[in-house]
Amino acid sequence: MLSDMASPYLTQGVWSEWLLLSFMIITGVIYWTLSKRLGFQVLYLTVLSLSFGFIITMYFPYLYTEEQLLPLTHPHIQASMTLFSFFIPLVKRRVEVMLCLFPPLVISVSYLFIQNTPVFSIVGGILIGGFISYMYYRSLDWMGAMPEPYLFAFSIILPLFLGGLIYPETGFLLLPGILLGAGTGVTLEQFKVRAKIKPGNMTAKLLSLLLGGFGLVMGYLIYSFGPFNFPFMTLVAGIFAGLWLTFFVPLLLLVTKVYEQQGKSREIF
């Protein structure tokens, strides 16, 4: 289980762990059934936003009031806003935009009434989470011009830097572990596996969803109730979760011939 933060508003429990698990399954479904590129982007951005939320809470001073200290953001609300606002530029109709904003609204209201999270922290999480998605789209021009090997190297180096900042709270090393595993896994998948997603093949998509989702849930249950107490266990669990999402599931789908391989080889340079 993840350890508790010092802030009484950010305590970790079954609710927040299953929320993170649901984020990973949602992004995994996109990666396994729709677009590996889009799925990796939204997975990486969501976990990155969650990591930033905890770092902000750990290092930035709280707003002092006469009654209580208010954190600048709430990491889970911030990550949910980043995840679902990511899709707003990809939709066209107003109804679809509202559907993108509905899940963060529900999560925010839940934290407001269930955990008495301050409105100030909720608003901060919504603003910061939306800003992260906005800045991602603004940076697509220069990111698109960057060679792929540099992008992959950056996606692997960044988690190490975040892990150094989060290290005092070792329980939260799960997050940079997921980023490290995902960055490594998508690199291995692109150059070694290259599973081809079949458009319109609902059977293959359903099988990939069942396989990937079952693996994530079972991994969470084994990790939660297993006798694991050695140092940096959360980091190892995060790395394995990231590899499962981006590498092992496509590999299993390819081995079982649910998906076919796209091309015979690919050169890195």
Side-chain angles (χ1 to χ4, degrees), residues 1-6 10-29 31-32 36 39-55 57-58 75-76 79 83 151-193 208 211-253 255:
M1 294 287 186
L2 297 179
S3 60
D4 290 348
M5 294 285 292
L10 304 179
T11 54
Q12 293 293 329
V14 176
W15 162 260
S16 56
E17 291 176 353
W18 278 95
L19 185 62
L20 173 60
L21 184 63
S22 66
F23 289 165
M24 296 178 65
I25 292 176
I26 291 172
T27 56
V29 169
Y31 185 87
W32 305 321
K36 289 185 290 184
F40 173 70
Q41 289 172 346
V42 69
L43 167 66
Y44 204 91
L45 203 64
T46 301
V47 180
L48 185 64
S49 177
L50 189 59
S51 303
F52 283 158
F54 284 122
I55 291 173
T57 305
M58 291 169 61
H76 299 107
L83 169 59
L151 285 175
F152 293 139
F154 178 76
S155 67
I156 294 174
I157 294 174
L158 180 59
L160 302 178
F161 172 73
L162 295 177
L165 294 177
I166 294 177
Y167 174 72
E169 295 286 344
T170 55
F172 292 94
L173 289 176
L174 178 74
L175 302 175
I178 294 174
L179 294 176
L180 181 59
T184 305
V186 76
T187 304
L188 293 174
E189 198 285 330
Q190 187 161 356
F191 297 118
K192 297 297 183 181
V193 179
S208 63
L211 174 64
F214 178 78
L216 286 175
V217 173
M218 288 302 300
Y220 167 75
L221 295 176
I222 293 173
Y223 169 70
S224 299
F225 300 104
F228 304 114
N229 55 6
F230 57 86
F232 301 107
M233 177 58 201
T234 53
L235 179 64
V236 175
I239 293 174
F240 182 81
L243 286 172
W244 174 260
L245 273 165
T246 58
F247 178 71
F248 287 118
V249 171
L251 178 62
L252 290 174
L253 293 173
V255 171

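- Under the 3.5 Å distance criterion, the side-chain polar atoms of Tyr44 are left unmatched by any main-chain donor or acceptor of Ala182.
- When the side-chain contact (heavy atoms from CB on, under 4.5 Å) test is applied to Leu19, the partners found at least two apart in sequence or on another chain are Ser22, Phe23, His76, Ile107, Tyr111.
- Here the side chain of Trp244 pairs no donor or acceptor atom with the backbone of Gly181 at under 3.5 angstrom.
- Taking each heavy atom of Tyr31 and Val186 in turn, the nearest pair found is OH-CG2, 3.7 Å.
- Leu235 contributes atom CG, which lies 5.5 Å from atom CG of Leu173 (distance to the nearest 0.5 angstrom).
- Checked against ring pair (Phe, Tyr, Trp, His ring centres under 6.0 Å), Phe52 has no partners two or more places apart in sequence or in another chain.
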Practice task
Would you please test Glu189 and Phe40 for side chain to side chain contact (heavy atoms under 4.5 Å, CB included) and show each step?
Solution key: CA-CA 11 Å; Glu189 198 285 330; Phe40 173 70; over 6 Å; no
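- When side chains are defined from C-beta on, Val217 counts as touching Trp18, because their heavy atoms get closer than 4.5 Å.
- A 4.5 Å side-chain heavy-atom check between Thr246 and Leu43 finds at least one atom pair inside the cut-off.
- Residues Leu243 and Ile239 form a side-chain contact, since some pair of their non-hydrogen atoms from C-beta on lies under 4.5 Å apart.
- Put simply, CZ on Phe248 and CG on Leu211 are 12.0 Å apart, with the number rounded to the nearest 0.5 Å.
- You'll find the side chain of Met233 reaches within 4.5 Å of the side chain of Tyr223, heavy atoms only.
- For Phe247, there are no ring pair (Phe, Tyr, Trp, His ring centres under 6.0 Å) partners, not counting sequence neighbours.
- Using a 4.5 Å cut-off on side-chain heavy atoms (C-beta onward), Leu175 and Leu162 make no contact.
- At distances below 3.5 Å, not a single donor-acceptor pair connects side-chain atoms of Ser49 with backbone N or O atoms of Leu45.
- Leu158 is not listed as a side-chain neighbour of Leu179, based on a closest heavy-atom distance of 4.5 Å or more.
- Inter-residue side-chain proximity for Ile178 and Met24 is flagged as met; some heavy-atom pair is nearer than 4.5 Å.
- Side-chain contact between Leu20 and Leu174 is present, with heavy atoms from C-beta onward closer than 4.5 Å.
- To the nearest 0.5 angstrom, Ser16 atom OG is 9.5 Å from Leu50 atom CG.
- The CZ atom of Phe172 sits 8.5 Å away from atom CD1 of Ile166, with the distance rounded to the nearest 0.5 Å.
- To the nearest 0.5 Å, atom CG of residue Leu180 and atom CG of residue Leu160 are 5.5 Å apart.
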Problem - Audit row: Val47, Thr27, side chain to side chain contact (heavy atoms under 4.5 Å, CB included) steps and yes/no - result: CA-CA 10 Å; Val47 180; Thr27 56; over 6 Å; no
